[in-house]
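Scroll down for the structure; my scribbles are underneath it.
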Protein chains: 2
Amino acid sequence: MQDKQIVTPFSPADHQHSSCLKSVLSTAEDCCRQRGLRLTPIRRRVLELVWKNHEPVKAYDILETLQAEKKRAAPPTVYRALDFLQAEGFVHKLESMNAYVGCGAPGHHHTTQFLICHTCGVVAELDDIEIGELIGNKADSLGFKATHLTIEIKGLCSSCQAD
Amino acid sequence: MQDKQIVTPFSPADHQHSSCLKSVLSTAEDCCRQRGLRLTPIRRRVLELVWKNHEPVKAYDILETLQAEKKRAAPPTVYRALDFLQAEGFVHKLESMNAYVGCGAPGHHHTTQFLICHTCGVVAELDDIEIGELIGNKADSLGFKATHLTIEIKGLCSSCQAD
DNA sequence: TATGTTACGTTATAATATAACATTAATATG
DNA sequence: CATATTAATGTTATATTATAACGTAACATA
Ligand SMILES: [Zn+2]
Ligand SMILES: [Zn+2]
Ligand SMILES: [Zn+2]
Ligand SMILES: [Zn+2]
């Protein structure tokens, strides 16, 4: 990453995703150990499935996969795991898509802005201080105390612009 | 409005909402006439119901009201009207709440940022050029061509901070 | 009037998410 | 270890949000 503001870059076509996955899982394990939380098999598997690729994943697609793998899964199975993973900062929900993506900076408190290509579906996650501050200041000047920002930017990624 | 960036201000407790409503409806009528579109009774009524107050309104609440009014209505009745009103820029959807609010600058192309009080539910709509530009530039610098922004800011409005 | 288009009625179903309560697994404590 | 306690999961049911599909009516305009 050439820019620290980029938490999850648009993944290059040739990147080895297995290494993303490996580091994401081991970070989550470390975080949970430190926090005295349990990254149970279900939670771990759901985190893997959210990170299946760099695109938003739907809850019911996760559910289907779990059911195909080992039965014993219902909607609450998935939503509970997603709730846990969101609460611990391992995944984010894209509100405008009802879908979930893995966090590129798990375990750190940070702002989030998502860039979402509406052609290929790829997502990048940013943690841009300036955007957060500007919005916070604007809100302040209106007497509004901002506590949570949803920023989701749809458009065309560079490779889809080329096509 | 002391600030042009504010499209829909937080409504003062004492404001006369009937005048909001009246001007919103007549603007929508004018726009539709100019554009050769039909603001049918259903569409008009749904717009009124979205503007019932300055808070987000749920699709199925609109549906209930229509049904209570003896109008034959089913989910498509409401969603079609909402689709039309969104397409023409008379209402916006708050993606993080699956709810709808009236647009404070109907008929004009503009950016939108919403401030949403999670205590009292009141919503303000902004059209802040700086926010839009900053985000557009950040995206540009990453080779991303932004076409649509979802910006929803949750927090405490000034009157709820006082309590 | 005939014709094409837009809007609406109607039924059904898809997609997303949570409530409520029972059961099991993990952890803590004596 | 035994047992109390809590955390996590299983299970069933339901709530909420949204769209598909197809027929009918209203409207335009030629
Ligand atoms: Zn990867
Ligand atoms: Zn793309
Ligand atoms: Zn008002
Ligand atoms: Zn408030």
Rounded to the Å, how far apart are [X] [atom1] and [N] [atom2]?
X       : N      : atom1 : atom2 : result
B:Glu95 : C:dA15 : CD    : C1'   : 15 Å
A:Ile62 : C:dT16 : CD1   : P     : 11 Å
B:Leu39 : D:dA26 : CG    : P     : 19 Å
B:Leu82 : D:dT19 : CG    : P     : 10 Å
B:Lys71 : D:dA25 : NZ    : C1'   : 19 Å
A:Leu37 : C:dA25 : CG    : P     : 21 Å
B:Tyr79 : D:dT16 : OH    : P     : 12 Å
B:Leu63 : D:dT19 : CG    : C1'   : 14 Å

Under-4.0 Å salt bridge between B:Asp30 and B:Arg33
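A salt bridge is present here (some side-chain N lies under 4.0 Å from a carboxylate O).
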Among C:dT18, D:dG10, D:dA18, which is the nearest nucleotide to the side chain of A:Pro75?
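Nearest to the side chain of A:Pro75 among the choices is C:dT18.
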To the side chain of B:Thr77, which of C:dG9, C:dA19, D:dA8 is closest?
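Nearest to the side-chain atoms of B:Thr77, counting from C-beta on, is C:dG9.
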Centre-to-centre under 6.0 Å for B:His92 and B:His110, is that the case here?
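They qualify: ring centres under 6.0 Å apart.
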How are the rings of A:Trp51 and A:His17 set to each other: parallel, tilted or perpendicular (split at 30° and 60°)?
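Ring orientation, 0 to 90° scale: tilted.
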Are B:Tyr60 and the base of D:dT16 stacked, counting only ring centres nearer than 5.5 Å and planes tilted under 30°?
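Taking the rule of under 5.5 Å and under 30°, the ring of B:Tyr60 does not stack on D:dT16.
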On DNA chain C, check which nucleotide each of A:Ala99 and B:Ala74 is closest to and give me the residue with the more 5' one.
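It is B:Ala74 whose nearest nucleotide is closer to the 5' end.
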Atom NE2 of residue position A:His108 - does it have more than 12 heavy atoms of other residues, nucleotides or ligands inside 6.0 Å?
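For A:His108, atom NE2 is not crowded (no more than 12 foreign heavy atoms under 6.0 Å).
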Verify the contact: side-chain N or O of B:Lys58 to OP1 or OP2 of D:dT16, cut-off strictly under 4.0 Å; return yes or no.
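For D:dT16, neither OP1 nor OP2 has a side-chain N or O of B:Lys58 closer than 4.0 Å.
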Phosphate contact (C:dA7 OP1 or OP2) by B:Arg80 side-chain N/O below 4.0 Å
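No, B:Arg80 has no side-chain N/O under 4.0 Å of OP1/OP2 on C:dA7.
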Tell me which of A:Arg43 and A:Asn98 sits closer to the 5' end of DNA chain D, going by the nucleotide each one is nearest to.
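Its nearest nucleotide lies further toward 5', so the answer is A:Arg43.
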For B:Ala59 and B:Arg38, find the nucleotide of DNA chain D closest to each by heavy atoms; which residue's nucleotide sits nearer the 5' end?
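Between the two, 5'-proximity favours B:Ala59.
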Remember a base hit wins even if backbone is also touched, and classify A:Phe84 as base, sugar-phosphate or nothing at under 4.0 Å, heavy atoms.
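Nothing, no nucleic acid heavy atom in range.
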Residue pair B:Thr77, B:Val46: steps toward the side chain to side chain contact (heavy atoms under 4.5 Å, CB included) verdict
CA-CA 10 Å; B:Thr77 312; B:Val46 170; over 6 Å; no
